[in-house]
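For ligands, and for the atoms within them, numbers begin at 1 and follow the listed sequence.
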Amino acid sequence: MTSVEEAATGVPVPLRINGREHVVVLEPRVSLLDALREHLDLTGSKKGCDQGTCGSCTVWIDGRRVLACLTLAVAASGHEVVTIEGLADGDQLHPMQRAFIEYDAFQCGYCTSGQIMSAVKVIEEGNAGTDEDIGEFMSGNICRCAAYPNIRAAIRHVRDAAGGRS
Ligand code: FES
Ligand code: FES
């Protein structure tokens with residue numbers, strides 16, 4: 001088999017997503033975002049730019065927020081990936097998901113999964129102390145519907161409900 005044929009055929013890539021093991025046959029060039037969306041039907045992570053500037057593809061790898069469009073799927077192998085689909089506990093929304101609904105923190109919804117995945121981490125990272133901090137540490141997530149004030153309100157709510165830890 002030539003290397004071109006090998007590339008076209010792909011290699012089995014074990015991926016652990018939202019606590020479940022998958023093996024996906026992928027060309028090594030395939031991004032984690034495309035693996036999620038095109039191969040695993042996890043379409044909650046969005047592709048707004050595919051070059052690391054919009055944040056709509058934000059997922060967690062080993063508990064840290066990362067841009068799935070700039071992460072090769074093969075590089076995520078052996079790591080714990082969490083997407084927006086893994087955030088709710090059964091029918092129970094994550095508090096940040098509930099807060100986004102309560103505070104009307106989205107309109108079209110396209111940036112929202114990335115916003116929520118980032119927002120949870122902004123609090124965990126201790127960067128949600130002030131509105132300025134929230135703005136700064138959420139600045140990697142762009143929202144063309146300009147839901148920013150409501151996104152900040154949702155984050156403040158979750159921060160304060162968690163006892164002001166930030
Ligand atoms: S799609 Fe990844 S940052 Fe825009
Ligand atoms: S809700 Fe539309 S881009 Fe953010």
Please report which non-hydrogen protein atom sits nearest to atom 3 (S) of ligand 1, along with the residue it belongs to and the distance in Å to one decimal place.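 Result for atom 3 (S) of ligand 1: G55 N, 3.1 Å.
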
Closest protein heavy atom to atom 1 (S) of ligand 1, given as residue, atom name and distance to 0.1 Å: D50 N, 3.2 Å

Residues, nucleotides or ligands: over 12 heavy atoms within 6.0 Å of Q92 CD: no

A35 and V30: which non-hydrogen atoms are nearest, and at how many Å?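 Looking at all heavy atoms of both residues, the closest pair is N-CG1, 3.8 Å.
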
Has Q107 got a side-chain atom pairing as donor or acceptor with C145's backbone, closer than 3.5 angstrom?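 Looks like yes, one N/O pair under 3.5 Å.
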
Hey, does the side chain of R16 reach the backbone of S77 with a donor-acceptor pair shorter than 3.5 angstrom?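 Not a single qualifying donor-acceptor pair exists.
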
Distance filter under 2.8 Å, centred on atom 2 (Fe) of ligand 2 - protein N, O or S atoms that pass it: C108 SG, C145 SG

What atoms of ligand 1 come closer than 4.0 angstrom to any heavy atom of [X]?
X   : value
G48 : 1 (S)
C54 : 1 (S), 3 (S), 4 (Fe)
C69 : 1 (S), 2 (Fe), 3 (S)
G52 : 3 (S)
C49 : 1 (S), 3 (S), 4 (Fe)

Quick one: pull up CD1 in I134 and CD1 in I151 and give me the separation to the nearest 0.5 Å. 11.0 Å

Common cluster, V120/V82, ILVMFWY with side-chain heavy-atom separation under 4.5 Å: yes

Would you kindly say whether N18 and T83 are connected by a side-chain donor-acceptor distance under 3.5 Å? yes

What is the ring orientation for Y103 with H157, classed by angle as parallel under 30°, tilted 30 to 60°, or perpendicular over 60°?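 Judged by the thresholds at 30° and 60°, the geometry between Y103 and H157 is tilted.
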
Could you pull out all donor-acceptor pairs under 3.5 Å where a side-chain atom in residues 59-70 meets a protein atom, sequence neighbours excluded?
residue: W60; atom: NE1; partner: M117; partner atom: O; Å: 2.8
residue: D62; atom: OD1; partner: E80; partner atom: N; Å: 2.8
residue: D62; atom: OD2; partner: H79; partner atom: ND1; Å: 2.5
residue: R65; atom: NE; partner: E125; partner atom: OE2; Å: 3.0
residue: R65; atom: NH1; partner: S118; partner atom: OG; Å: 3.1
residue: R65; atom: NH1; partner: F137; partner atom: O; Å: 3.0
residue: R65; atom: NH2; partner: E125; partner atom: OE1; Å: 3.0
residue: R65; atom: NH2; partner: F137; partner atom: O; Å: 3.1

For T53, which part has a heavy atom under 4.0 Å from ligand 1: side chain, backbone, both, or neither? backbone

N, O or S atom of C57 closer to atom 4 (Fe) of ligand 1 than 2.8 Å: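 Checking C57: none of its N, O or S atoms is under 2.8 Å.
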
Quick check: do T43 and E38 have side-chain heavy atoms less than 4.5 Å from each other?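 Counting from C-beta outward, T43 and E38 never come under 4.5 Å.
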
